[in-house]
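Some notes on the structure that comes next.
These numbers were taken from a predicted model, which means no experiment stands behind them. All values below come from the heavy atoms of this structure, side chains included, with hydrogens, waters and symmetry mates left out. Throughout, numbering of the chain's residues begins at 1 and tracks the sequence.
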Amino acid sequence: FRLMNERFVKLLDRMHFNSEFGDFDLHLFRNELEGDLHLAFVKGDVRGKEPVLVRVQKESVLNDVFLSTDGQAGNELRNSFRIIEQVGQGVIVYLRFQRQDELLLQKFRSPSDKDTDLPHPVDFRDYGIGAQILVGLGLHEIKLLTNHPKKMVGLEGFNLNVVEQIPIEVEEWVPNSATDG
């Protein structure tokens, strides 16, 4: 109830962001309750436009930065950037949680668990934070870029409507021993 009625995600700043995928406006948000910083990469004028392509991704250093071959989340993120760049409009919300450090520690405690692409436990707080960011950007109807269709419980309470879930085509990366070492 509190997530839907109280606004505790605050826009701190925004700046131009140039990447290999194109130019975006980068918005920095803070969860005022827990102190976590979250990012929103915005392409084009999305305020009041409907529906808008959206990718919401929780931070995973092993997948997103170091391109783990055990999962597809990093590839899904990069391909989402490409799709939004091609369309010329969209938002990528990148959720960063201090508790992600605990998930990283678990990988070292359980080296036999190699499936880093298993969805991290998602709780309603995560949806609430992402939803507050999207509403703060002026979105109401979204087309969700995801390869993990799931019921988006409670988003209507934020005045957000998922009108479509669009799968992200992911090319599997296979290391080439001759060129990749």
Side-chain angles (χ1 to χ4, degrees), residues 1-65 73-74 76-78 80-81 83-85 87-105 119-146 148 150-166:
F1 179 75
R2 188 173 181 197
L3 284 171
M4 290 187 276
N5 293 306
E6 295 181 29
R7 299 293 180 236
F8 56 85
V9 177
K10 179 182 177 185
L11 175 65
L12 295 180
D13 208 351
R14 61 182 164 218
M15 62 181 258
H16 177 77
F17 181 76
N18 187 19
S19 74
E20 70 177 270
F21 308 107
D23 294 339
F24 290 81
D25 290 324
L26 176 56
H27 299 240
L28 179 65
F29 290 87
R30 174 177 297 159
N31 174 342
E32 296 290 303
L33 297 178
E34 297 174 352
D36 295 324
L37 296 174
H38 307 287
L39 306 170
F41 299 86
V42 179
K43 181 72 172 185
D45 178 15
V46 297
R47 186 168 282 285
K49 306 289 182 179
E50 307 199 28
V52 175
L53 282 174
V54 169
R55 168 75 180 172
V56 177
Q57 180 144 333
K58 289 173 73 170
E59 175 182 46
S60 169
V61 147
L62 296 178
N63 285 320
D64 304 339
V65 177
E76 291 171 0
L77 178 64
R78 286 182 293 287
S80 294
F81 271 107
I83 291 166
I84 288 172
E85 175 64 24
V87 171
Q89 181 182 51
V91 175
I92 294 178
V93 174
Y94 195 74
L95 299 173
R96 303 178 63 244
F97 296 102
Q98 292 173 11
R99 64 183 186 264
Q100 288 296 103
D101 290 346
E102 191 59 39
L103 291 172
L104 185 59
L105 283 171
H120 300 300
V122 175
D123 61 30
F124 187 71
R125 290 181 305 160
D126 299 342
Y127 285 125
I129 292 165
Q132 284 191 29
I133 290 170
L134 294 172
V135 169
L137 293 170
L139 278 65
H140 299 290
E141 290 191 346
I142 62 175
K143 293 180 181 180
L144 194 60
L145 293 167
T146 183
H148 308 282
K150 53 191 151 237
K151 205 170 199 177
M152 302 296 146
V153 178
L155 291 182
E156 300 83 25
F158 293 95
N159 197 23
L160 278 174
N161 183 28
V162 178
V163 298
E164 187 177 357
Q165 292 187 20
I166 301 171

Extract all donor-acceptor atom pairs below 3.5 Å that involve side chains of residues 8-16 and protein atoms in other chains or at least two apart in sequence.
none

Handout entry: Residues in ring-ring contact (aromatic ring centres under 6.0 Å, His included) contact with F41, at least two apart in sequence or another chain
Key = F17, F81
First locate atom [atom1] of [X], then atom [atom2] of [Y], and finally report the distance between them rounded to the nearest 0.5 Å.
| X | Y | atom1 | atom2 | value |
| --- | --- | --- | --- | --- |
| E76 | T146 | CD | OG1 | 6.5 Å |
| S80 | I92 | OG | CD1 | 5.5 Å |
| I129 | E34 | CD1 | CD | 5.5 Å |

Handout entry: Residue pair K58 / L95, side-chain heavy-atom distance below 4.5 Å
Key = yes
Exercise for the section: Work out which heavy atom in Q89 is nearest to a heavy atom in D45; give both atom names and the distance. Expected result: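 In this case the closest contact between Q89 and D45 is NE2-O, 2.6 Å.
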Handout entry: Minimum-distance pair of heavy atoms, taken over all atoms of A40 and I133
Key =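 So the two residues come closest at CB-CG2, 4.0 Å.
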Exercise for the section: Keeping the roles fixed (side chain from N161, backbone from V163), state whether a donor-acceptor pair exists under 3.5 Å. Expected result: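 Checking the backbone N and O of V163 against the side chain of N161, no donor-acceptor pair under 3.5 Å is found.
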Problem - Main-chain N/O of Y94 paired to E59 side chain as donor or acceptor, under 3.5 Å - result: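 No; judged by distance alone, with no hydrogens or angles, the pair does not exist.
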Handout entry: Contacts of K43 that satisfy side chain to side chain donor-acceptor pair (under 3.5 Å) - sequence neighbours left out
Key =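 Counting only residues at least two positions away or on another chain, K43 forms a side chain to side chain donor-acceptor pair (under 3.5 Å) with E85.
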Problem - Option passing side-chain contact (heavy atoms from CB on, under 4.5 Å) with L53 (candidates L144, V46, V91, V87) - result: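 Answer to the side-chain contact (heavy atoms from CB on, under 4.5 Å) test with L53 among L144, V46, V91, V87: V87.
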I'd like a table of donor-acceptor pairs (distance under 3.5 Å, sequence neighbours excluded) in which one partner is a side-chain atom from residues 134-143, with atom names and distances.
from, atom 1, to, atom 2, distance (Å)
H140, ND1, N159, ND2, 3.2

Result block: side-chain N/O donor-acceptor pairs under 3.5 angstrom for residues 21-30, not counting sequence neighbours:
none

